[in-house]
Number of protein chains: 2
Amino acid sequence: MTKKKLGTWRIDRQLVEQISRHAAFGRRRKFKKNAMLYEQGEVSTRFYFVLKGLVQISIFRADGSEVVLELMGPETVCGEGSAFDGLPRFSSAAAIEDTEAIEFDTSKMTEIFRAHPEFATSLLRVTSLKQRVVAIRLKHLASREPQDRIMELLTRLEEMFAIDHPKGRLLVTHVTHEQIATMTGTSRVTVTRTLQRLREQNRIDIVDGHILLKRRPCAG
Amino acid sequence: MTKKKLGTWRIDRQLVEQISRHAAFGRRRKFKKNAMLYEQGEVSTRFYFVLKGLVQISIFRADGSEVVLELMGPETVCGEGSAFDGLPRFSSAAAIEDTEAIEFDTSKMTEIFRAHPEFATSLLRVTSLKQRVVAIRLKHLASREPQDRIMELLTRLEEMFAIDHPKGRLLVTHVTHEQIATMTGTSRVTVTRTLQRLREQNRIDIVDGHILLKRRPCAG
DNA sequence: GCCATCTCGTATAGGGCGATACAGCCCGGA
DNA sequence: TCCGGGCTGTATCGCCCTATACGAGATGGC
């Protein structure tokens, strides 16, 4: 089975089209694998609409440890936060595959909004969706229980990249326990143990090395 | 010393003025103490600019437990997330004091943006600032250590509501250990112990019942 | 002044997580 | 075919957090 790398994000088709329609206000750029789109700490008015590739958004802590916030795939927007509020970037964005994106600049945005107010509405929808996803993550990360944190990640991955399966939904992404650990702030051993426990609770299963989220009893 | 209740949020003066200038596009509303501005799950296109009072934003988990996201005081915006993306509210907002706010409706917003594109830019700045604050909270909540979680909250409160003091910065807000516990996802006992430990580490002090964040050695 | 309530400090017991270590497994390369 | 590296499953141990309980001090209403 393929081990395709996928993002942790997606926005709906209609919104993608609305943004694509205004692509002329930005310029197309290419980033080689491992190149940085932007780095934590710098001040910039630029943001990106990813067309192709994969971008890892992470925050580095004072002690050097890295928290991976998201993996942004095609048809997602990143960097708009610091581009609009004018403060230093709070996260870094690295292309972990060869990537193409449209680069927008907020400095002339107000004038563009005058002629294209629907573009402003679209961007507000994007930032609002991000707010929602992050808030929901907060809800789960507020719990110290590894099980909550891990299930949150799995559910998020399911919404993005799962296919139907007779017993539930199968994650087509391949994630190692190590990766789950760094994304949930727990240890690798705990991830292994927790997945084991979830299997005993009949909430997940492992099929062909991939995680299967079983249909919950309440949902049928 | 007064035990004034204050929010966990503030936006800069310039941005406040820009939003106030467009107050005519909304309508003034009053909420009694304990009234709800909006409730988790409902679909609505309304959002609020708080003028007076205090609003508690929280998410309720499936098991009924509550995660307090923020306390929004005067001159803050809330509810714009779900108002713009059109999906059900992911959080509830309750007035915990008698509150006055301007209620905006996003349904006619695009037309307003055409004549007032700077209003769109202002709103984008607000949502961007929120994204920043939440992302930074995520960075700390990703850690399971209570000390990280609690220091994050204190630092956030400091930025918002601290005054200078010969030994560092004094929080004028009064927060109980219980409140810190629910906002950081730990237990009340752990908060007490952790604050004790921070005092031993000479990072904080208690002055007159208020928390004093000591100047870090690296900063002078 | 008196009592109810809230908050803070502290103690105990129990459990689960982190660190560490090691064995089995799969897979790719020589 | 053999070897090496990455991933997963376990085991042990120590530590710290949670739940629970109780007392002291502050606060506020009557």
Side-chain angles (χ1 to χ4, degrees), chain A residues 1-5 61 63-68 96 140-154 157 171 173-201 203-212, chain B residues 1-5 33 56 61 63-68 96-97 140-154 157 171 173-201 204-212:
Chain A
M1 184 168 292
T2 59
K3 291 195 174 179
K4 208 174 165 187
K5 277 194 179 180
R61 294 216 193 89
D63 64 3
S65 63
E66 179 179 11
V67 178
V68 175
I96 58 178
H140 293 276
L141 282 181
S143 162
R144 279 180 33 92
E145 310 266 317
Q147 185 158 324
D148 290 352
R149 294 163 161 254
I150 291 169
M151 275 307 293
E152 185 271 336
L153 177 62
L154 295 183
L157 290 174
L171 292 189
T173 337
H174 178 77
V175 269
T176 68
H177 294 187
E178 188 80 46
Q179 287 176 304
I180 295 177
T182 63
M183 293 187 79
T184 54
T186 60
S187 73
R188 201 273 307 167
V189 177
T190 298
V191 173
T192 301
R193 267 196 303 233
T194 302
L195 291 182
Q196 205 75 356
R197 205 175 305 160
L198 286 168
R199 219 155 18 155
E200 285 162 16
Q201 290 173 12
R203 296 180 62 183
I204 68 168
D205 209 342
I206 308 294
V207 177
D208 221 358
H210 288 251
I211 296 174
L212 169 75
Chain B
M1 183 170 292
T2 59
K3 288 198 175 179
K4 208 174 166 187
K5 277 195 180 181
K33 183 173 172 173
Q56 176 170 311
R61 295 215 193 88
D63 64 3
S65 62
E66 179 180 11
V67 179
V68 176
I96 56 176
E97 288 177 12
H140 293 276
L141 283 181
S143 162
R144 280 179 32 92
E145 309 267 316
Q147 185 158 325
D148 290 352
R149 294 161 161 255
I150 291 169
M151 274 307 293
E152 185 271 337
L153 176 63
L154 294 183
L157 290 174
L171 292 189
T173 337
H174 179 77
V175 270
T176 68
H177 294 188
E178 188 80 46
Q179 286 175 305
I180 295 177
T182 64
M183 295 187 77
T184 54
T186 60
S187 72
R188 203 271 307 166
V189 177
T190 298
V191 172
T192 302
R193 267 197 304 238
T194 302
L195 291 181
Q196 205 77 354
R197 205 175 305 159
L198 286 168
R199 217 153 20 153
E200 285 163 15
Q201 290 172 13
I204 68 168
D205 209 342
I206 308 294
V207 176
D208 222 358
H210 288 251
I211 297 174
L212 169 75

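Below, read A as the first sequence line, B as the second, and so on, with proteins coming before strands; counting in each chain starts at 1. Computed from heavy atoms alone, side chains included, the values below leave out hydrogens, waters and symmetry copies.
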Original post:
Roughly how many Å is it from CD in B:E145 to C1' in D:dT18, rounded to a whole number?
Top reply: 16 Å
Subject >> A:V189 vs B:V189, nearer the 5' end of DNA chain C by closest nucleotide >> reply: B:V189
Subject >> Donor-acceptor under 3.5 Å (B:R188 side chain, B:E178 main chain) >> reply: no
**OP:** Examine distances only and state if a side-chain atom of A:R149 and a backbone atom of A:S143 form a donor-acceptor pair shorter than 3.5 Å.
**Re:** yes
Subject >> All side-chain hydrogen bond (donor to acceptor under 3.5 Å, both in side chains) counterparts of B:T194, not counting sequence neighbours >> reply: none
Subject >> Qualifying residues under side-chain hydrogen bond (donor to acceptor under 3.5 Å, both in side chains), relative to B:Q201, sequence neighbours excluded >> reply: B:Q147
Original post:
How would you label the contact of A:R199 with the nucleic acid (heavy atoms, under 4.0 Å): base, sugar-phosphate, or nothing?
Top reply: sugar-phosphate
Original post:
Which whole-number value in Å describes the distance from A:E200 CD to D:dT10 C1'?
Top reply: 13 Å
Original post:
Can you tell me if the side-chain N/O atoms of A:R197 get under 4.0 Å from OP1 or OP2 in C:dC17?
Top reply: yes
Original post:
Does A:R193 place a side-chain N or O at less than 4.0 Å from the phosphate oxygens OP1/OP2 of C:dA19?
Top reply: no
Subject >> D:dT18 phosphate, OP1 or OP2, under 4.0 Å from B:R144 side-chain N/O >> reply: no
**OP:** Can you measure from CD1 (B:I204) to CG (B:L154) and round to the nearest 0.5 angstrom?
**Re:** 6.5 Å
Subject >> Non-neighbouring partners of B:R199 that pass side-chain hydrogen bond (donor to acceptor under 3.5 Å, both in side chains), sequence neighbours left out >> reply: B:Q196
Subject >> Contacts of type side chain to side chain contact (heavy atoms under 4.5 Å, CB included), residue B:E152, not counting sequence neighbours >> reply: B:R137, B:H140, B:R156
Original post:
Within this structure, what is the CG-to-P distance between A:L195 and D:dT8, rounded to whole angstrom?
Top reply: 9 Å
**OP:** Could you pull out all residues at least two apart from A:S187 that satisfy side chain to side chain contact (heavy atoms under 4.5 Å, CB included)?
**Re:** A:V189, A:T190
Original post:
Whole Å only: how far is the CG atom of A:D148 from the P atom of C:dG16?
Top reply: 14 Å
Original post:
Can you name the residues that form a side-chain hydrogen bond (donor to acceptor under 3.5 Å, both in side chains) with A:H177, not counting sequence neighbours?
Top reply: A:T192
Original post:
B:T190 side chain: which of C:dC17, D:dT18, D:dT10 is closest?
Top reply: D:dT18
**OP:** Would you kindly give the CD1-to-P distance between A:I180 and D:dG9, to the nearest whole Å?
**Re:** 11 Å
Short N/O separations, protein against nucleotides 4-8 of chain C, under 3.5 angstrom:
from, atom 1, to, atom 2, distance (Å)
C:dC8, OP2, B:H177, N, 2.9

Original post:
Bend angle of the helix from C:dG1-D:dC30 to C:dA30-D:dT1 from five-pair axes at both ends, rounded to 10°?
Top reply: 40°
**OP:** Would you tell me if any nitrogen or oxygen in the side chain of B:Q196 comes within less than 4.0 Å of OP1 or OP2 on C:dT10?
**Re:** yes
